[in-house]
Amino acid sequence: MAKRAAAKSRNYWLFKSEPSAFSIDDLAAEKTKTTFWDGVRNYQARNMLRDEVKLGDRVFLYHSNADPMAIVGLCEVVREGYPDHTAFDPANKHYDEKSNPENPTWFMVDIKLVAKFDEPVTRDQLKDEPQLADMMLLRRGSRLSIQPVTLNEYQTVLKMAGLKANI
DNA sequence: GCCAACGTTGGC
DNA sequence: GCCAACGTTGGC
């Protein structure tokens with residue numbers, strides 16, 4: 001009688017961006033509240049975008065090199081990994097001659113804004129929260145721009161943002 | 001502005 | 001394959 005079909009497990013991530021390059025307000029201004037997450041040029045991050053970030057996964061948006069540095073909102077993955085075409089365009093800032101459409105090096109996903117936090121959850125707040133002691137974002141020297149987030153970290157941050165933990 | 005921590009590059 | 005030099009990230 002037990003249901004054997006395991007519920008598809010959703011995964012949780014954190015994407016970093018410098019708001020001067022792309023901010024949550026830029027995303028909110030998009031008509032569809034959707035953007036492709038281009039420009040990731042790190043192999044470890046690439047592997048996650050290509051292989052692990054799945055439709056329906058939740059994504060925190062984090063503003064680095066910002067005032068304040070903070071998690072500023074929540075997004076949902078609406079398209080899974082596909083080639084990052086900005087790598088093919090010599091005029092693009094993220095152009096990479098090693099990548100081409102026949103054999104792409106770099107990948108991206110599409111994310112859609114679910115909620116911009118009324119109040120950003122600042123880095124200082126994150127550091128003060130014992131539940132987040134092991135969070136990758138807070139480890140010194142952690143420069144990965146795509147990071148996995150645990151379920152507990154996800155729920156803790158949502159709570160800090162004043163949102164229900166099951167959104 | 002400083003600098004630690006990384007990742008990448010290239011000489012050997 | 002090693003490793004020094006260099007460039008970048010990103011918090012402080």
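Because the structure is a prediction, the values reported are computed rather than measured. Each chain gets a letter, A, B and so on, in the order the sequences are listed, and its residues count up from 1.
The nearest whole Å value for the distance from the NE2 atom in A:H94 to the C1' atom in C:dG7 is 16 Å. Protein atom CZ of A:R41 is 14 Å distant from nucleotide atom P of C:dT8, rounded to whole Å. In this entry the distance linking NE2 of A:H63 with C1' of C:dT9 reads 17 Å, nearest Å. Between the CD atom of A:Q147 and the P atom of C:dT9 there is a distance of 15 Å, rounded to whole Å. As rounded to whole Å, 10 Å separates atom P of B:dT8 from atom CZ of A:R46. A:M69 places its CE atom 13 Å from the C1' atom of C:dT9, with the value rounded to the nearest Å. Following rounding to the nearest Å, A:N42 (CG) and B:dC6 (P) show an atom-to-atom distance of 12 Å. Between A:Q44 atom CD and C:dT9 atom C1' there is a gap of 14 Å when expressed in whole angstrom units.
If you run ring-ring contact (aromatic ring centres under 6.0 Å, His included) between A:F60 and each of A:F15, A:Y154, A:Y12, only A:Y154 comes through.
Side-chain N/O atoms of A:R140 include one lying less than 4.0 angstrom from OP1 or OP2 on B:dA5. OP1 and OP2 of C:dT9 both lie 4.0 Å or more from every side-chain N or O belonging to A:K16. Note on A:R143: every side-chain N or O is 4.0 Å or more away from OP1 and OP2 of C:dT8. Between C:dC12 and A:K127, a contact under 4.0 Å exists linking OP1 or OP2 to a side-chain N or O. An OP1 or OP2 oxygen of C:dT9 is reached within less than 4.0 angstrom by no side-chain nitrogen or oxygen of A:Y62.
Judged by distance alone, the side chain of A:D96 and the main-chain N or O of A:A87 form no donor-acceptor pair under 3.5 Å.
Residue A:K98 has its side chain nearest to B:dT9 when only C:dG10, B:dT9, B:dA4 are considered. Of the candidates B:dG7, B:dT9, C:dG11, the closest approach to any side-chain atom of A:N65 belongs to C:dG11. Distances were taken from every side-chain heavy atom of A:Y43 (C-beta onward) to each of B:dT8, C:dG11, B:dA5; the shortest belongs to B:dT8.
Few gaps surround NZ on A:K54; more than 12 heavy atoms of other groups in view lie less than 6.0 Å from it.
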Q | Verdict with supporting geometry, A:S99 and A:R41, side chain to side chain donor-acceptor pair (under 3.5 Å) | A | CA-CA 11 Å; A:S99 189; A:R41 298 292 180 267; over 6 Å; no
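The shortest side-chain heavy-atom distance between A:D25 and A:K116 falls under the 4.5 Å cut-off.
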